[in-house]
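Below you'll find the structure, written out as structure tokens, and then a few comments.
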There are 2 protein chains.
Amino acid sequence: MVQIPKQSAPSSPAQRPVPTSADVARLAGVSRATVSYVLNNTSAVRISEPTRRRVHEAAKELGYVPHAAARSLRAGHSRMVLMPAPTVPVGPLYSQFFNELQWALSRLDYTVVQYGGVGLHGDEAARAWAELRPVAVLVPGSGLGPEGLAVLKRAGARAVVTLGPERVEGAHALLMDHDRVGHSAGAHLLARGRRRIGVVMPGESGLEIFSRPRLDGVRRALRGSEASVTELPLAYAEEDAARLAARWRTLGLDGVFAYNDEYAMLLMRALQDEGVGIPDETAVIGADDLMLGRLLRPRLSTVHIELPSGRDLAELVDRAVRRPGAAPETHEVLGARVVHRDSS
Amino acid sequence: MVQIPKQSAPSSPAQRPVPTSADVARLAGVSRATVSYVLNNTSAVRISEPTRRRVHEAAKELGYVPHAAARSLRAGHSRMVLMPAPTVPVGPLYSQFFNELQWALSRLDYTVVQYGGVGLHGDEAARAWAELRPVAVLVPGSGLGPEGLAVLKRAGARAVVTLGPERVEGAHALLMDHDRVGHSAGAHLLARGRRRIGVVMPGESGLEIFSRPRLDGVRRALRGSEASVTELPLAYAEEDAARLAARWRTLGLDGVFAYNDEYAMLLMRALQDEGVGIPDETAVIGADDLMLGRLLRPRLSTVHIELPSGRDLAELVDRAVRRPGAAPETHEVLGARVVHRDSS
DNA sequence: TTGAAAGCGCTACCAA
DNA sequence: TTGGTAGCGCTTTCAA
């Protein structure tokens, strides 16, 4: 790591206090009320053009910026949509989804804020979020329990939406059941005539939320067939992959769902180094449909995942905020379809 | 995209108002002051144990959560550290850095918030941030100008830190000059005996902040030598890479710096499909030292990039907050070193 | 067309 | 040990 050395310096004179609307009023020679009317373009009241100009000029001269906290305190509500920041590196899929969401919510005049909550868990996290009195909270994963939801609602959140595997009673839910991903992969391998199927389980913590349901999905796809499932713990490291590959033939697997494309790449490389034929000896399929899969040889089969559109989620949020009493909506939003290439 | 259908439902009875400290006081049979003392563990004042218990019970019963905006309004300052959310998908390097930073700041009792600012630019963005009255603002990239800085300072931000290629007068700066990355790559290729060197310039917008300085770095490394530089515009798409590879031999390049490992993988694949020998005919080097580079054949040479530690940045922030008048610190924090593998 | 003033929820000073 | 209360910056009702 690059070091940032400690450094000291003489302190400069105390900074000027932050200008308030009262300062603007004083400078413009009007009342604070008038300032508010002018700066907010209040339509219920007519302010003369010269006065408007004076106010605007005063505001600009002072560099006045309204105080969001004071405003929302007075208003009794905010337009803040809060979302916990992801703590695991997130792929291009999610990035795009989030950007879209954020853009759409901005258009609806909401302010989107990601709350950095490393170290906060469960209800503790919900309390921290509630302190900010967001008008809506979007919770990915499965970190929200009934108690957390209650806290948020009591704190005035008019819309709480979970994005994850299960719904919470009373909250809106965008169900993203990764079971489907595993199911697609499993069904595909089965259809390709594979019967002894491995499923990679990432060793990295935080991924169980995805890997567990994906495994279940594979199991579900194979139910009623004579095919079997073998769990394959695998850390995202070359040596671990090599170790797994070394004992590959003893496992006797003819197909493997590698959790996602990145793990698939790791595993494929190790298998190829070991001389295991892909797809003849073992078929490999990943998930996420990343570019890298297309660049591998053999080209990697994968499960393409569709997230909901950010615009749709933004509209759901807006609807819920406007009709807070409405019954929670639940939507299955995770699409999964196999992209068959050469590795399976 | 998966559609979320519109949906309607009858609205339920109006929700109870959000409980305030006055409600807690009423229920506990004490004053609001006492509630505040108890819930904040104010050490300057002793509250009897029975009273404490009554207050805590009342708070729990009502599900009371303090109102952060009211608190910081009263206090005259917040503990919020604001950072614009990245709009481009961000790699594991940055994710780790951010997590570390966030964790370290939490330990120092700051609240870290990422502000979703798609669509906001320059001073407009600075104004939006200023409305939240953050105690510190961390700005990656080069989006902050002198005017934006002034706005933030006037709004009471006690620390403004830029993380990018250049400093802004009056703000702390963590200089991350990607020139160094290009310089390392260029020097390496030169040392390997390459003289006609290509530099991939990603077609994706938003990446110029990195690609331009990296290119300059290569140029700088080659200055004084007889080596030449050729810019290679390349979109992150197979076809575009194939197109580039098809005319590769007419370019007569014997070395290429591929911007980063992902573009390197894309280009290498296209070159190999075209029958171009790597590294004999053309040496390839990427950047970022991603896992995928180790999985390629030949293994990808790369420039390993070191970001500052999140802990150090957190300490810089804390220092600056505590001594707001101190002279801005500037640190060169981007480390770059070549990891030589088989592709160069 | 403009101003005076109340009050959002909270904390901290001063008094009891 | 506890309570009364002023006031943070803002909007909005009511009066002038």
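Proteins come first, then strands; the chains are lettered A, B, ... in the order of their sequence lines, and each starts at number 1. Below, each value reflects all heavy atoms present in this structure, side chains not excepted, and no hydrogens, waters or symmetry copies.
- In this structure the side chain of A/Val24 never reaches within 4.5 angstrom of the side chain of A/Leu27, judged on heavy atoms.
- From the 5' end on, the contacts that DNA chain C makes with chain A at under 4.0 Å to a non-hydrogen atom open and close at C/dT1 to C/dG9.
- Annotation: side chain of A/Lys60 is not in contact with side chain of A/Glu57 (no heavy-atom distance under 4.5 Å).
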Using atom names, set out every protein N or O paired with an N or O of nucleotides 12-16 of chain D below 3.5 Å, distance rounded to 0.1 Å.
residue	atom	partner	partner atom	Å
D/dT12	O4'	A/Arg74	NH2	3.3
D/dT13	O4	A/Tyr37	OH	2.8

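- The shortest distance between side-chain heavy atoms of B/Met80 and A/Val113 does not fall below 4.5 Å.
- A salt bridge is absent between A/Glu315 and A/Arg322: the closest approach of a Lys/Arg side-chain nitrogen to an acidic carboxylate oxygen does not fall below 4.0 angstrom.
- The separation between B/His77 atom NE2 and D/dG7 atom C1' is 16 Å, rounded to whole Å.
- Contact of the A/Ser95 side chain with the B/Val90 side chain is not registered, since no non-hydrogen atoms from C-beta on lie closer than 4.5 Å.
- Counting non-hydrogen atoms under 4.0 angstrom, B/Val45 reaches a base of the nucleic acid.
- Nearest-nucleotide positions on DNA chain D place B/Ser31 closer to the 5' end than the other of B/Leu73 and B/Ser31.
- Axis angle between the ends of the helix from C/dT1-D/dA16 to C/dA16-D/dT1, five pairs each and rounded to 10 degrees, works out to 40°.
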Verdict with reasoning, B/Tyr94 to B/Val88, per side chain to side chain contact (heavy atoms under 4.5 Å, CB included): CA-CA 11 Å; B/Tyr94 180 88; B/Val88 291; over 6 Å; no
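- Remark: A/Asp123 pairs with no residue by the salt bridge (charged side-chain N to carboxylate O under 4.0 Å, His left out) rule, at least two apart or across chains.
- Near DNA chain D, meaning a heavy atom under 4.0 Å away, there are no residues from residues 51-62 of chain A.
- The stretch residues 64-72 of chain B touches DNA chain C through B/Tyr64, B/Pro66, B/His67, B/Ala70, B/Arg71, each having a heavy atom within less than 4.0 Å of the strand.
- Comment: A/Glu61 does not engage A/Arg26 in a salt bridge, judged by the lack of any side-chain N to carboxylate O separation of less than 4.0 angstrom.
- With respect to B/Leu101, the side-chain contact (heavy atoms from CB on, under 4.5 Å) criterion is satisfied by exactly one of B/Leu307, B/Leu138, B/Asp312, B/Val112: B/Leu138.
- Between A/Ser21 and A/Pro66 there is no side-chain heavy-atom pair separated by less than 4.5 Å.
- A/Val30 is not listed as a side-chain neighbour of A/Ile47, based on a closest heavy-atom distance of 4.5 Å or more.
- Screening B/Val45, B/Val38, B/Leu39 for a side-chain contact (heavy atoms from CB on, under 4.5 Å) with B/Thr42, the sole residue that qualifies is B/Val45.
- At a threshold of 4.0 Å, the pair A/Glu131-A/Arg133 does not count as salt-bridged, since none of the basic side-chain nitrogens sits closer than that to a carboxylate oxygen.
- Taking 4.5 Å as the limit, some side-chain heavy atom of B/Leu144 sits within range of a side-chain heavy atom of B/Leu152.
- B/Val65 has its side chain out of reach of A/Arg154: every pair of non-hydrogen atoms, C-beta onward, lies at least 4.5 Å apart.
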